[in-house]
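One structure below.
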Amino acid sequence: MKFSLAAVLAITGLAAAAPQWGSQVSRPATSSASSASQVSRPSATSSFTPPAPSCLTSSDATTLVNGFQSLISNYTLATAEKLLSNDFTDTSDSINILAGYPLGSTTFPSKAAFEAGQGSQPALPMTILSIDSVDCTKVGFRWTITIDPTKPVVKGINSIASSYNTTTRAWQIKTVYSEFNSCHWMNLIGGTCKGPGQ
Ligand SMILES: *[C@@H]1O[C@H](CO)[C@@H](O)[C@H](O)[C@H]1NC(C)=O
Ligand SMILES: *[C@@H]1O[C@H](CO)[C@@H](O)[C@H](O)[C@H]1NC(C)=O
């Protein structure tokens with residue numbers, strides 16, 4: 001099939017948000033801690049290092065979602081290395097059942113496992129429908145992937161958690177939870193999934 005397991009695995013990264021979303025996402029109130037880090041300090045020297053932010057901004061969230069989308073739609077190892085934390089994991093029973101992995105297991109238990117799986121997958125056109133929630137470290141969003149342009153898209157929901165990398169001074173994706181219409185996906189790639197009596 002044109003899209004097989006590779007396509008399934010790609011979903012994991014699907015979470016990315018389109019850049020234009022940024023303007024639509026309401027900015028959560030900035031915490032006092034992150035506000036402090038954004039205040040310019042007149043006495044700061046070139047060696048001054050601001051404290052790590054304690055919470056995501058909506059802009060940070062959009063950057064993470066966009067990055068995740070690019071891992072699905074246009075994977076590069078460089079992006080994965082930059083975007084994913086060293087303790088990255090990705091969990092999806094939707095992928096597990098398509099891939100034949102045990103239900104309940106961690107689909108990609110490491111950054112290396114994700115890179116190996118995602119890096120060998122065909123690009124999947126993913127559209128971010130919306131970023132629906134941003135809290136201090138987590139982002140929730142909805143997406144679609146087109147597998148067959150003549151058939152309905154596959155719809156899914158992701159929740160990602162992030163951690164701040166004090167070396168690169170950027171937020172990274174630490175965990176991904178992704179679930180989607182794996183029955184429809186199964187049918188699109190040549191499998192059979194039906195409800196009783198259908
Ligand atoms: C995919 O990523 C590469 C490398 O970053 C970039 O040059 C290219 O324009 C991207 N393609 C799309 C369709 O975004
Ligand atoms: C932060 O990023 C750097 C550069 O990619 C990497 O070497 C380091 O391991 C990262 N730290 C964590 C906790 O992921």
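Counting convention: from 1, in listed order, for ligands and their atoms alike.
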Tell me, which pairs form a ring pair (Phe, Tyr, Trp, His ring centres under 6.0 Å) where one or both residues lie in residues 155-175, sequence neighbours left out? Y164-W171
Which pairs pass salt bridge (Lys or Arg N to Asp or Glu O under 4.0 Å) with one or both residues in residues 64-87, sequence neighbours excluded? E81-K111, D87-K174
Measure across K194 and C183 and return the closest heavy-atom pair with its distance rounded to 0.1 Å. N-SG, 4.3 Å
Of all the heavy-atom pairs spanning G67 and T79, show the shortest one and how long it is. O-CG2, 4.3 Å
Where N158 and S178 come nearest, the two heavy atoms and their spacing: OD1-OG, 2.7 Å
Listed by chain and number, what are the side chain to side chain donor-acceptor pair (under 3.5 Å) partners of D132, not counting sequence neighbours? S130, R142
Considering only heavy atoms, which protein residues lie less than 4.0 Å from any atom of ligand 2? S85, N86, N165, T168, Q172
